[in-house]
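To start, the structure under review is shown below, and the notes come after it.
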Amino acid sequence: MQYQPALWPSPQWYLKKFQPDAPVLYFAPDVLQATAKRFLKGFDGFVTYAVKANDDAAVLDNLISAGIQGFDVASPAEILKVRAAKQDAVLHYHNPVRSVDEIAMAVGHGISSWSVDCSRELEKLADVPRRDTEISVRLRLPVSGAAYDFGAKFGADPDQAVLLLRQARDMGFATSMTFHPGTQCADPQAWAVYIVEAADVARRAGVTLERLNVGGGFAAHRSGQAPDLEAIFDRISAETARAFGDAAPKLVCEPGRAMVAEAFTLGLRVKAVRGDGSIFLNDGAYGALTELRDIGLPDRVSVVRVDGRAASGAMTSRVVFGPTCDSLDRLPDPMPLPTDIAEGDYLLIRAMGAYTASISTQFNGYGAQDVVTVAAPWEQVTGI
Ligand SMILES: *Cc1c(COP(=O)(O)O)cnc(C)c1O
């Protein structure tokens, strides 16, 4: 992903001046830093960033300047990226499945927390130096509230988590638990249910948790009202105090999406408007819009003309295709767009910093993503 350090006022300003034909991610570092500070101020514990949401060097640098010191990494490549940005960053390796070679590489980089969800994965860590090193047992429960469920792939059921906690303690590690309520989760109750169960697992195991990592999952503002992050932070603190009482662990969180989404606006261009009303964009299901199949369409979308003004006609639902020659390259649902949308217009989609560049492919020669730094990810413009 290219990083263009020049600072332009806004996406609207940039597209009017340069009329880019390729997709552009407009990055507002100030918004990213403000979000990081919001987490640091509002969350009563250690805030780490889940690197997979967006591993761009400029993102890591801005998070570090804002005061983020810990990172959830899931692969050797992510470890190297974080180490390049901050030599002494705190690293949590919270992908619960790791090869022996990956573990050896990671040990050399001083991982301070490892998540596990089965006893074979814990055995693989037998030679990891114990000093200041934590094992975080990943719990899974049938909890709803998120866009999709992370428990489908990782996590130990409560009975198994009891055994793993004891095993980790007996091996001499510091003990912790973790969970992930599922991504784009706007319901504080999802965290509450997990916290209550984690306290119960710790009691049954007879293990005092030093920390509880409440995962990521915090929702980005994709549609409707902005999610109330502080309400979730408060609920997490209150529920932890209630469920653990005197044995309350220190809290950790590892947001990806909610940390980085709002700092980027995705700018796409209309390549064609077809006779049947469908439109073709210059990026789609193999690029920055990959995730929409699983989490649905955002509604913070505006259509902007080449002169930078907003289109404001009545809305019509349109089938939207991406640029590749694959018929799967189509958005999951029709998208409401102005009736008079035309070839050459731009779509500006807000809060697209997470899981866009990081999962985009180069399939069919598309998926290019220039990053343009802007002062603000959005400019209020009057309609035509
Ligand atoms: C992906 C992931 C996160 C971040 O999830 P978001 O929904 O983007 O906040 C945090 N922790 C773990 C272990 C993850 O795999």
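In listed order, ligands and their atoms are each counted from 1. Start at 1 with the first residue, then count along the sequence.
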Looking at side-chain heavy atoms only, is the closest gap between Thr265 and Gln12 below 4.5 Å?
->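 No, their side chains stay 4.5 Å or more apart.
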
Any chance the side chains of [X] and [Y] put a donor and an acceptor closer than 3.5 Å?
X      : Y      : result
Asn364 : Tyr286 : no
Thr324 : Asp329 : yes
Ser99  : Asp101 : no
His94  : Glu254 : yes

Ligand-side contact atoms (ligand 1) for residue partner [X], heavy atom cut-off under 4.0 Å:
X      : result
Gly216 : 9 (O), 10 (C)
Glu254 : 3 (C), 4 (C), 10 (C), 11 (N), 12 (C), 13 (C)
Tyr355 : 1 (C), 4 (C), 5 (O), 6 (P), 8 (O)
Gly256 : 4 (C), 6 (P), 8 (O), 9 (O)
Thr183 : 6 (P), 7 (O), 8 (O)
Gly217 : 5 (O), 6 (P), 7 (O), 9 (O)

So how far is it from Arg257 CZ to Cys185 SG, rounded to the nearest 0.5 Å?
->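 It comes to 11.0 Å.
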
Flag Ala50 as yes when one of its N or O atoms lies below 3.5 Å from any N or O atom of ligand 1, and as no otherwise.
->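 N/O-N/O distance under 3.5 Å: no.
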
Do ligand 1 and Lys52 have nitrogen or oxygen atoms that lie under 3.5 Å from each other?
->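 N/O-N/O distance below 3.5 Å exists for this pair.
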
Can you tell which of Arg257, His94, His180, Arg138 gets a heavy atom nearest to atom 5 (O) of ligand 1?
->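 Minimum heavy-atom distance to atom 5 (O) of ligand 1 goes to His180.
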
At under 4.0 Å between heavy atoms, which part of Asp72 makes contact with ligand 1: side chain, backbone, both or neither?
->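 The part of Asp72 near ligand 1 is the side chain, not the backbone.
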
Side chain, backbone, both or neither: which part of Met259 comes within less than 4.0 Å of ligand 1 when only heavy atoms are counted?
->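 Neither part.
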
If you link I, L, V, M, F, W and Y whenever their side-chain heavy atoms are under 4.5 Å apart, who else ends up in the same group as Phe280?
->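 When side chains under 4.5 Å apart are linked, the cluster holding Phe280 also contains Val319, Phe321.
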
If you measure from each heavy atom of Gly215 to ligand 1, is any distance below 4.0 Å?
->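 Gly215 does not count as a contact of ligand 1 under the 4.0 Å cut-off.
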
Who are the ring-ring contact (aromatic ring centres under 6.0 Å, His included) partners of Phe218, not counting sequence neighbours?
->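 For Phe218, the residues satisfying ring-ring contact (aromatic ring centres under 6.0 Å, His included) (neighbours in sequence not counted) are Phe39, Trp191, Phe233.
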
